[in-house]
Number of protein chains: 2
Amino acid sequence: MIDREGPVPPYQQLAAVLRQRIVSGQIPPGRAIPSLVELEQEYGLARDTLRKAVAVLKDEGLVETVKGMGVYVRQPPAEG
Amino acid sequence: MIDREGPVPPYQQLAAVLRQRIVSGQIPPGRAIPSLVELEQEYGLARDTLRKAVAVLKDEGLVETVKGMGVYVRQPPAEG
DNA sequence: TCACATTTGTACGTATGTATC
DNA sequence: AGATACATACGTACAAATGTG
């Protein structure tokens, strides 16, 4: 699922996968994305890499983290 | 110089120190801040911590990194 | 209040890849 | 070819916040 040979860093690939899950509605607003432990098991990536992927989504405003709870999908901005 | 006991994370403390050096003119625009190796020796902090401190300054637009060169202080926005 | 599990945040150490000089 | 320097990645550990019982 993650191509370690290609030019795109794994953290960017994972960010893209999670972004797709969010914008497609697979993970709806208010719901949490898989925890770091679950992502670790699912993708076999290190914590540092997972954190970076989540940081990308936070920067984009797609998710927000709640310490002790999880990383939640935010409500999308109202459309036109 | 870095208080490991206090509530402020070391990377934020270091970011504050570097920010002060920059805005005070001690490290002028066009000049590079100390390298990760130098910061490591000076503050005894890990690479990840140093990277995070520098990332703060980058987010603030105070510095920009040039791969293979260093982290350079940017020209401040023209004043009023 | 306390103990416990879960989850994110922070921190340290190390290795490899890539770019510049 | 070598030195320097940032970017990325992996492994590990402890702290802090939250929820449950």
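In what follows, every chain begins at residue 1, and chains take the letters A, B, ... in the order their sequences are listed. Treat the numbers as computed from the prediction; the structure is a model and nothing was measured. Computation of the quantities below employed the complete heavy-atom set of this structure, encompassing side-chain atoms and omitting hydrogens, waters and symmetry-equivalent molecules.
Distance CZ (A/Arg4) to C1' (D/dT8): 12 Å, rounded to an integer number of Å. For the pair A/Gln41 CD and D/dC10 C1', the interatomic distance rounds to 17 Å; values are reported in whole Å. Rounded to whole angstrom, the span from the CD atom of B/Gln12 across to the C1' atom of C/dT10 amounts to 10 Å. What separates CE of A/Met69 from C1' of C/dA5 is a distance of 14 Å, to the nearest Å. The distance from atom CG of A/Leu14 to atom P of D/dT8 is 14 Å, rounded to the nearest whole Å.
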Validation: residues 63-75 of chain A side-chain donor-acceptor distances under 3.5 Å, sequence neighbours left out:
none

Return a table of donor-acceptor pairs under 3.5 angstrom between the side chains of residues 15-34 of chain B and protein atoms on other chains or two or more places apart.
residue	atom	partner	partner atom	Å
B/Arg19	NE	B/Glu60	OE1	2.9
B/Arg19	NE	B/Glu60	OE2	3.4
B/Arg19	NH2	B/Glu60	OE2	2.8
B/Arg21	NH2	B/Glu42	OE2	2.8
B/Arg21	NH2	B/Tyr43	OH	2.8
B/Ser24	OG	B/Gln20	O	2.8
B/Ser24	OG	B/Arg21	O	3.3
B/Ser24	OG	B/Gln26	N	3.4

(request) Any chance you could list the contact pattern along nucleotides 13-18 of chain C? Use B for base contacts, S for sugar-phosphate-only contacts and - for none, protein heavy atoms under 4.0 Å, 5' to 3'. (result) -B----

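Clustering of Ile, Leu, Val, Met, Phe, Trp and Tyr side chains at separations under 4.5 Å places B/Val56 together with B/Tyr11. The hydrophobic cluster analysis finds B/Val37 isolated: no Ile, Leu, Val, Met, Phe, Trp or Tyr side chain comes under 4.5 Å of it, directly or through other members.
Regarding contacts with the backbone of C/dT6, every side-chain N or O of A/Ser35 stays at 4.0 angstrom or more from both OP1 and OP2. For the pair B/Thr65 and D/dA7, the criterion of a side-chain N or O lying under 4.0 Å from OP1 or OP2 is met.
For B/Asp59, the salt bridge (Lys or Arg N to Asp or Glu O under 4.0 Å) test picks out no residue, with sequence neighbours left out. For B/Gln12, there are no side chain to side chain donor-acceptor pair (under 3.5 Å) partners at least two apart in sequence or on another chain.
When heavy atoms are screened at a 4.0 angstrom cut-off, B/Val71 is found touching the sugar-phosphate backbone but no base atom.
The main-chain N or O of B/Glu38 is never found under 3.5 Å from a side-chain atom of B/Gln41 such that the two would form a donor-acceptor pair.
Residues from residues 25-33 of chain B placing a heavy atom under 4.0 Å of any atom in DNA chain C do not occur. DNA chain D lies under 4.0 Å from at least one heavy atom of each of the following residues of residues 51-62 of chain B: B/Arg51, B/Lys58.
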